[in-house]
Amino acid sequence: MMYAQFASVYDELMLDIPYPAYVDLVDTALHGLSGKKILDVACGTGILSVLLAERGADVTGIDLSKEMLAVARDRASERFPSIEFLHQAMQHLSVSGQYDAAVIPIDSLNYLENEHDVKQTFKKVHEALRPGGVFLFDVHSTYKTDVLFMESPFTYDSKKISYIWETEEGEEPHSIHSELAFFVREEDDRYTRFDEVHYQRTFPVMTYVEWLEQAGFSVERIFADWSDEAPEEESERIFFQLRK
């Protein structure tokens with residue numbers, strides 16, 4: 001299953017992701033996080049969930065991977081045992097109550113393979129938010145899927161983990177099929193190999209806008225690459241900030 005073994009190396013591979021910047025984005029949109037109910041969709045190993053809780057938010061995290069959720073619960077157990085982690089697919093999101101904000105961080109939405117699932121996710125998030133609630137997410141740009149990912153193979157090597165990442169064009173427009181071979185160094189200096197296959201797909205910015213508006217959202221801003229600038233032709237990561 002995707003992410004089954006990946007969960008064990010995920011945190012190291014995400015070290016360059018500026019999660020605190022995501023917290024600041026939510027903080028700014030809500031004019032403060034203390035006491036706010038936040039839904040962390042595709043929460044992974046709970047890095048963002050814990051950072052939001054550190055700022056006083058009441059957090060619920062959902063993820064499709066039981067292995068990721070196990071790491072997340074362990075991460076939060078001592079300091080933030082009140083964080084609820086639920087095993088759910090984002091397109092089947094089902095939570096009680098209404099939330100002040102929802103986030104789908106770090107291109108997680110791109111793991112949905114078809115238009116129906118993306119639209120269904122937007123609908124479910126809209127239902128989970130209170131009136132005036134904020135929805136923040138980011139996706140790969142079409143430039144990244146169509147051009148940058150085609151420059152593979154990519155490699156990574158640290159003292160503990162190495163990988164070879166090969167990517168090819170997927171069957172659908174703006175989609176990629178990735179095969180990753182991981183080599184994890186054990187205590188006896190031998191390496192254990194495991195393989196992952198990932199499929200991601202993105203859509204043009206205005207397609208997302210159309211679907212979001214159909215779901216009932218108002219677009220507050222669209223920006224790129226962790227800056228406050230509008231997307232350009234060679235932007236890699238597109239951010240959306242919506243309001244219910």
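Please read these numbers as outputs of a predicted model, since none were measured by experiment. Residue numbers run from 1 in the order of the sequence given.
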Treating Ile, Leu, Val, Met, Phe, Trp and Tyr as nodes and any side-chain heavy-atom pair under 4.5 angstrom as an edge, say whether M150 and I164 lie in one connected cluster.
-> no
Over 12 foreign heavy atoms within 6.0 Å of CD, E186 | yes
At what distance, to the nearest 0.5 angstrom, does NE2 of H87 lie from CG of D63?
-> 8.0 Å
Side chain T28, main chain L25, donor-acceptor under 3.5 Å | no
Do F137 and F135 have ring centroids that are under 6.0 Å from one another?
-> yes
Criterion side-chain hydrogen bond (donor to acceptor under 3.5 Å, both in side chains) on E172 and H174, from CA distance to verdict = CA-CA 6 Å; E172 301 293 339; H174 317 305; over 6 Å; no
Salt-bridge contact K36-D58 (side-chain N to carboxylate O under 4.0 Å) | no
Determine whether L86 and V71 fall in the same hydrophobic cluster, where Ile, Leu, Val, Met, Phe, Trp and Tyr are linked whenever their side-chain heavy atoms lie under 4.5 Å apart.
-> no
Can you name the closest pair of heavy atoms from A29 and V134 and give their distance?
-> CB-CG1, 3.8 Å
D188 (side chain) donor-acceptor with R190 (main chain) under 3.5 angstrom | yes
State yes or no: do F240 and Y22 share one hydrophobic cluster built from I, L, V, M, F, W and Y residues joined by side-chain heavy-atom distances below 4.5 Å, directly or via other members?
-> no
Where do D138 and D107 come nearest, in terms of heavy atoms and distance?
-> OD1-N, 2.8 Å
Least distance between heavy atoms, R201 atom then L112 atom = CB-O, 4.1 Å
When rounded to the nearest 0.5 Å, the distance separating SG of C43 from CG of L52 is 11.0 Å
More than 12 heavy atoms from other groups under 6.0 Å of NZ on K119 | yes
W165 meets the side chain to side chain donor-acceptor pair (under 3.5 Å) criterion, sequence neighbours left out, with T167, S178
Apart from Y143 itself, members of its ILVMFWY cluster (side-chain separation under 4.5 Å) are V147, L148
Are the side chain of S141 and the backbone N or O of S235 linked by a donor-acceptor pair below 3.5 Å?
-> yes
How about L212 and S218: do any of their side-chain heavy atoms sit closer than 4.5 Å?
-> no
Would the number of heavy atoms belonging to other residues, nucleotides or ligands and lying under 6.0 Å from CD of Q98 be above 12?
-> yes
Do you reckon I222 sits in the same ILVMFWY cluster as M206, going by side-chain contacts under 4.5 Å, direct or chained?
-> yes
Shortest non-hydrogen contact between Y208 and T202, atoms and distance | OH-OG1, 3.1 Å
Single-linkage hydrophobic cluster Y111~V41, side-chain heavy atoms < 4.5 angstrom | no
Please test F223 against E229 for side-chain contact (heavy atoms from CB on, under 4.5 Å), starting from the C-alpha separation and ending with a verdict.
-> CA-CA 5 Å; F223 52 106; E229 303 298 323; over 6 Å; no
Identify the residue among W211, Y99, F217 that makes a ring pair (Phe, Tyr, Trp, His ring centres under 6.0 Å) with H126.
-> F217
Taking T121 for its side chain and D117 for its backbone only, find out whether a donor-acceptor pair lies under 3.5 Å.
-> yes
When you measure from the side chain of N110 to the backbone N and O of H140, does any donor-acceptor pair fall under 3.5 Å?
-> yes
What pair of heavy atoms forms the shortest contact from Y156 to S158, and how long is it?
-> OH-CB, 3.7 Å
Excluding sequence neighbours, so at least two apart, what forms side chain to side chain donor-acceptor pair (under 3.5 Å) with E84?
-> none
To the nearest 0.5 Å, what is the distance between CG (L136) and CZ (R243)?
-> 9.0 Å
Do you know which two heavy atoms are closest between L30 and L33, and how far apart they sit?
-> CD1-CD2, 4.1 Å
